[in-house]
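Take a look at the structure set out below.
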Amino acid sequence: TEWNIGSHPTHAEVMDTSYAADIAYIFLSCQKSPTDMMMYYFMSRVARFNRVIGPDMEAYPAFFSFCMFGKLYELGTEVDSGEFDISSDVAMIAAKNDKKAGIAFANVSTSVKELDLKFEGLEKFDKYTVYIMDKDRSPSLPTPFKSGKVSDGLQMKLNGRNCIGYIAFE
């Protein structure tokens with residue numbers, strides 16, 4: 001299956017975090033599916049349809065969807081993060097190793113979603129930090145948004161159609 005969402009985007013379109021949310025959602029949902037392999041074609045910085053890296057090596061918001069998924073991959077072991085419902089607007093997966101854990105998420109709805117997480121099996125970690133990128137809070141670079149104690153869980157709002165994030169546990 002080939003997936004395209006248009007060619008020759010404007011600079012404003014590639015700087016829109018909704019494309020980053022689309023890519024992150026695809027990565028996260030495919031991880032929960034029987035998909036064996038994915039390919040993003042093509043990332044040449046001189047390609048006019050590249051929505052990841054600009055000709056001047058500027059990282060567009062979608063670049064961070066790749067980074068976020070890479071962080072999970074580095075951790076090594078996927079952990080149960082619940083069932084994935086393809087009709088859901090929020091995708092989420094988790095991974096861990098002996099020293100760290102992480103959860104990646106993306107909201108592709110047009111509305112704000114409430115996130116209410118209880119962290120189970122993470123008792124060895126004391127704190128978490130949420131890195132988020134969306135139009136309102138940090139449109140060009142994921143930034144620390146919220147920190148807290150693992151035992152307290154996490155409640156926050158995800159902006160609609162343009163939000164990706166990563167929760168790091170240490």
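Positions are given from 1 along the sequence.
Here the closest heavy-atom approach between residue Met133 and residue Phe64 is recorded as CE-CB, 3.8 Å. Between Met68 and Ala104, the shortest heavy-atom contact is CG-CB, 3.6 Å. The nearest pair of heavy atoms linking Lys113 to Ser109 is CE-OG, 3.4 Å. Between Leu28 and Ala106 the shortest heavy-atom distance is CD1-N, 3.9 Å. Between Ala95 and Leu75 the shortest heavy-atom distance is O-CD1, 3.4 Å. For the pair Lys100 and Asn97, the tightest heavy-atom approach, listed with the atom from each and the gap, is N-OD1, 2.7 Å.
Around atom NZ of Lys127, no more than 12 heavy atoms belonging to other residues, nucleotides or ligands sit under 6.0 Å away. Heavy atoms of other residues, nucleotides or ligands lying less than 6.0 angstrom from NZ of Lys118 number more than 12.
At least one side-chain heavy atom of Gln155 sits under 4.5 Å from a side-chain heavy atom of Asp116. Inter-residue side-chain proximity for Ile132 and Cys163 is flagged as met; some heavy-atom pair is nearer than 4.5 Å. Under the 4.5 Å side-chain criterion, counting only non-hydrogen atoms from C-beta, Tyr25 is not in contact with Asp89.
We find the CD1-CZ distance between Ile23 and Phe66 to be 5.0 Å, quoted to the nearest 0.5 Å. The CD atom of Glu78 sits 4.5 Å away from the CD atom of Gln31 when rounded to the nearest 0.5 Å. Interatomic distance, Phe105 CZ to Leu115 CG, rounded to the nearest 0.5 Å: 6.0 Å. Between the CZ atom of Phe145 and the CD1 atom of Ile167 there is a distance of 11.0 Å, given to the nearest 0.5 Å. How far CG of Asp134 is from NZ of Lys157: 13.0 Å, rounded to the nearest 0.5 Å. To the nearest 0.5 Å, the span separating CG on Asp98 from NZ on Lys96 amounts to 8.5 Å.
Classified by interplanar angle (parallel below 30°, tilted 30° to 60°, perpendicular above 60°), the ring pair Phe69/Phe27 is tilted.
Following chains of ILVMFWY side-chain contacts shorter than 4.5 Å, one cannot reach Ile164 starting from Tyr131, and the two form parts of different hydrophobic clusters. Cluster membership check: Val79 does not share its hydrophobic cluster with Leu117, using side-chain heavy-atom separations under 4.5 Å among Ile, Leu, Val, Met, Phe, Trp and Tyr.
Centroid-to-centroid, the aromatic rings of Phe119 and Phe169 come within less than 6.0 Å.
Put simply, the side chain of Tyr166 never gets that close to the backbone of Ser65: no donor and acceptor are under 3.5 Å apart.
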